[in-house]
Student: 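Below is a structure I'd like to ask you about.
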Amino acid sequence: DKLIQNLSLERLLSAVTILDVHKVIKIVGKMIERLEDSAKIHLSNNQRATLYVHISALIERLIRNDKPLEYAHVTDVEPRVQGLAQLRRALSEIETTYGVTVPEGELNYLYDIVFTD
């Protein structure tokens, strides 16, 4: 976990400009732990690194009111309901801390990172 955080931290330092990178790394790490516990899954190192970088950039985009990620609308939502709810709960501290709401497109993108091969 520490190796992934350190590698992610290096990548974030070059990408994130308005956030405290150490605070973001900590809160995203807690979010990943909550998600793994609630979904009873273990994310790969690649998935973890992707989440650290993507969620950090996502927070910054939302704070800046930048255009959200364009992601294909998912038509068959039913199989995703439980996973999307687990993601939403895991992201709640991030949303509260930064005063943002993760849009559905971003939520579906995160779902694909976490729950699809």
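In what follows, residues are counted from 1 in the order of the sequence shown.
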Student: Does any part of the side chain of M31, heavy atoms only, come nearer than 4.5 Å to the side chain of L87, both counted from C-beta?
Tutor: yes
Student: How many angstroms lie between OG1 in T101 and CG in L62, if you round to the nearest 0.5 Å?
Tutor: 8.0 Å
Student: Using atom types as modelled and distance alone, determine if a side-chain donor or acceptor of R61 lies under 3.5 Å from a backbone N or O of D66.
Tutor: no
Student: Which value, rounded to the nearest 0.5 Å, describes the distance between I27 atom CD1 and T97 atom OG1?
Tutor: 3.5 Å
Student: Just how far is it from atom CZ of R89 to atom CG of L84, taken to the nearest 0.5 Å?
Tutor: 10.5 Å
Student: Counting only heavy atoms not in E95, do more than 12 sit closer than 6.0 Å to its CD atom?
Tutor: yes
Student: Is there a side-chain contact between K23 and Y98, using heavy atoms and a 4.5 Å cut-off?
Tutor: yes
Student: Which heavy atom of Y111 sits nearest to which heavy atom of G83, and what is that distance?
Tutor: CE1-CA, 3.9 Å
Student: Is it the case that the side chain of Q47 and the backbone of S44 share a donor-acceptor pair, with hydrogens and angles ignored and the cut-off at 3.5 Å?
Tutor: yes
Student: Which distance, rounded to the nearest 0.5 Å, do you find between the CD of Q86 and the CD of E36?
Tutor: 12.0 Å
Student: State plainly whether the residues R88 and E104 are in salt-bridge range, i.e. N to O under 4.0 Å.
Tutor: yes
Student: Quick one: does L91's side chain get under 4.5 Å of L110's, heavy atoms only?
Tutor: yes
Student: Once rounded to the nearest 0.5 Å, what's the spacing between atom CG of L107 and atom CG of L58?
Tutor: 9.5 Å
Student: First locate atom CG of N108, then atom CD1 of I113, and finally report the distance between them rounded to the nearest 0.5 Å.
Tutor: 11.5 Å
